[in-house]
Amino acid sequence: MGDRRAWQEAYERSTLRETPFETISGVPLEPVYGPDDGEFPGQWPYTRGPYASMYRSRLWTMRQFAGFGTAEDTNRRFKDLLASGGNGLSTAFDMPTLLGRDSDDPLAKGEVGRAGVAIDTQRDMETLFAGIPLGSVSTSMTINSAAPVVMAMYIGVGDRQGVDRAALSGTIQNDILKEYQAQKEYVFPPRPSVRLVTDLVRFATAELPRWHPISISGYHIREAGSTAAQELAFTLANGFAYVEAAVAAGLAIDDFAPRLSFFFNAHIDFFEEVAKYRAARRIWARWMRDRYGASDARSQTLRFHTQTTGVSLTAQQPEVNLARVALEALAGVLGGTQSLHTDAFDEALALPTERAARLALRTQQVIAEELGVAHVADPLGGSWFVESLTDELERQAEEVFAHLEREGAGSMLDGVVECIENGWFGLQIADAAYRFQEKLAKGEWILVGVNGYTEGDDREVPTLYIDPAVERRQLDRLAQVRRERDDDAVRRSLGRLESEAADPTINLMPALIEASANQVTVGESMQALGAVFGTWFERPVA
Amino acid sequence: MPRGERLRVLLAKVGLDGHDRGLRVVARILRDGGLEVIYAGLRQTPETIAAAATQEDVDVVGVSMHNGAHLTLAPAVVEALRAAGLETPVVVGGIVPDVDLPAMRAAGIAAVLGPGASNAEVLEAVRGVAKGA
């Protein structure tokens, strides 16, 4: 299995950062430690990392998620993050945008610009990225149900900025399966939704070589209450489902699989998290090679973004969250993450203030610059404890895969959809969430400041205030676009969308790009699709 | 149905927000505490909540919000209940900044449960507002 020579050759081919790789006291450090016949980073089965030189070549991307108010408000926050040394943008959309509704939709009342930025038309998207050349930043957009619509707008903004589509770099979450399982931001039923995901994958494969068209996300599964093993298993199973859907749509595995990316939670149980990331890489490599026949090493290597867990943050004694976030972030780094978002300490109270968001970024910078943990790849590999925990999480994940495969009669895609429809995922997650709540209630788990060490609670921290006038301003912007646009062009675009939605062999991305350019709103595009696809409701079971 | 036996509580998410972990956990806490839970789940509106509260003859309505829309949506739930002729108390759970608490009380919200509320506090709040009603 292990091959020090192959690793050594790959390492020597890598470009390294200009920094001494030694301890603070001057002890020189190897790029990785372990026996010659052990595992190596960048080598099959990639347990120890996707690259031979890991952070010696490039630190993880410090990618802070931001979005609130109107596109102008978020544009200012983006520019502040870039000026503070952040090197990737990450967009949070408000609830109506996430669910494909316009700001003037009756159900959007009270939610416009609240939990993220409000985007109704391509003109809003232009404002969001004003003064930020799309060819030279990498952008992440966290959106799922309306992902193809918003992606079409982003492509349109790039076109208008004169940026070659091949130069657009970034990630769109576009992971609809976990919405039914955990985050619940679904609109259409699972099958047509998977078609939309696949359309975007096909389009990106053909036209956006630097874009990651799906970020297969365990983050929300974990936040909804799952265990680490469930997060791992459900996420990878969703990944297998997307692979099967793309192959069924006619794509060759090694043409798209290198662009698949992942997104995991960094929860508070340090070693379990490190083991989870290691197990994820090993499982993905094996399934991609052995089950799906991927031969390109980039198809076999799992690369992931990490965000520290929101649910560990407490409203009580909120400054304590700075310590939690730092430790969670460290697990992500020791687990070999490719990019990282650190939560702000005030997020159990409200969206973060600018100061809290900057402290969160500073936490990553301390880990990167001061801690000395970026010199050596997979520093916990070889620990009997971590290796054993890695094996155990892998074993538990394989049990879940076996269940899904039975449910899908051999197809992971069918198994995942079946277990969404029969409520299995939801129940598994709700059970795990309740088990944790029981531990808290019985004092078997101490949450500092909540059920232990409660003296000195001071939550008098300033929180971000979102001006209720945001909604009014956004409604005015939208009304202006509706007045100024070419109504005939809008009607033609919507007619094309509806007729192409009815033919599953047509890729919907070109019609969506045309609609966005004609200032068709997010809500109008989604309604046209919904007329064909229908709407999904889950059975309310608690 | 005879009053004064098991308290009946309607639980719902109002608006577009899909964060249902808290609501699902609260449903089980209340059930384990001997209350009867009618779980309406996601994407409810003030009107559907009022209709369900009427039909199910509940003692308390619990709504969960994590999306910052509580100042708009929570009062609308109270208004819809009152418009349907119900005096049912409304408990809000989720993320409500302290500065918004006076406005929530003024809008007729009977109790607000924040992050970290214990099982005992959840039960106490629901039983407390039911007794007061």
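In what follows, every chain begins at residue 1, and chains take the letters A, B, ... in the order their sequences are listed.
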With chain A, the option among B/Arg28, B/His70, B/His66 that has the most non-hydrogen atom pairs under 4.5 Å is B/Arg28

Calculate, to the nearest 0.5 Å, the distance between atoms CE and CD belonging to B/Met65 and A/Glu111 respectively. 7.5 Å

Go through the atoms of [X] and report whether side chain, backbone, both or neither lie under 4.5 Å from a heavy atom of chain A.
X: B/Leu42; result: side chain
X: B/Ala27; result: side chain
X: B/Asp17; result: both
X: B/Ala76; result: neither
X: B/Ile29; result: both

Please confirm whether the backbone N or O of A/Glu223 pairs with a side-chain atom of B/Arg21, one donor and one acceptor, at under 3.5 Å? yes

Could A/Glu538 and B/Lys13 be called an ion pair, given the rule that one side-chain N must be under 4.0 Å from one carboxylate O? no

Under 4.5 Å from any heavy atom of chain B, what part of A/Glu347 do you find: side chain, backbone, both or neither? backbone

Measuring heavy-atom distances to chain B, does A/Leu99 have an atom under 4.5 Å in its side chain, in its backbone, in both, or in neither? side chain

Among residues 44-54 of chain B, which residues come closer than 4.5 Å to chain A, judged by heavy atom distances? B/Thr45

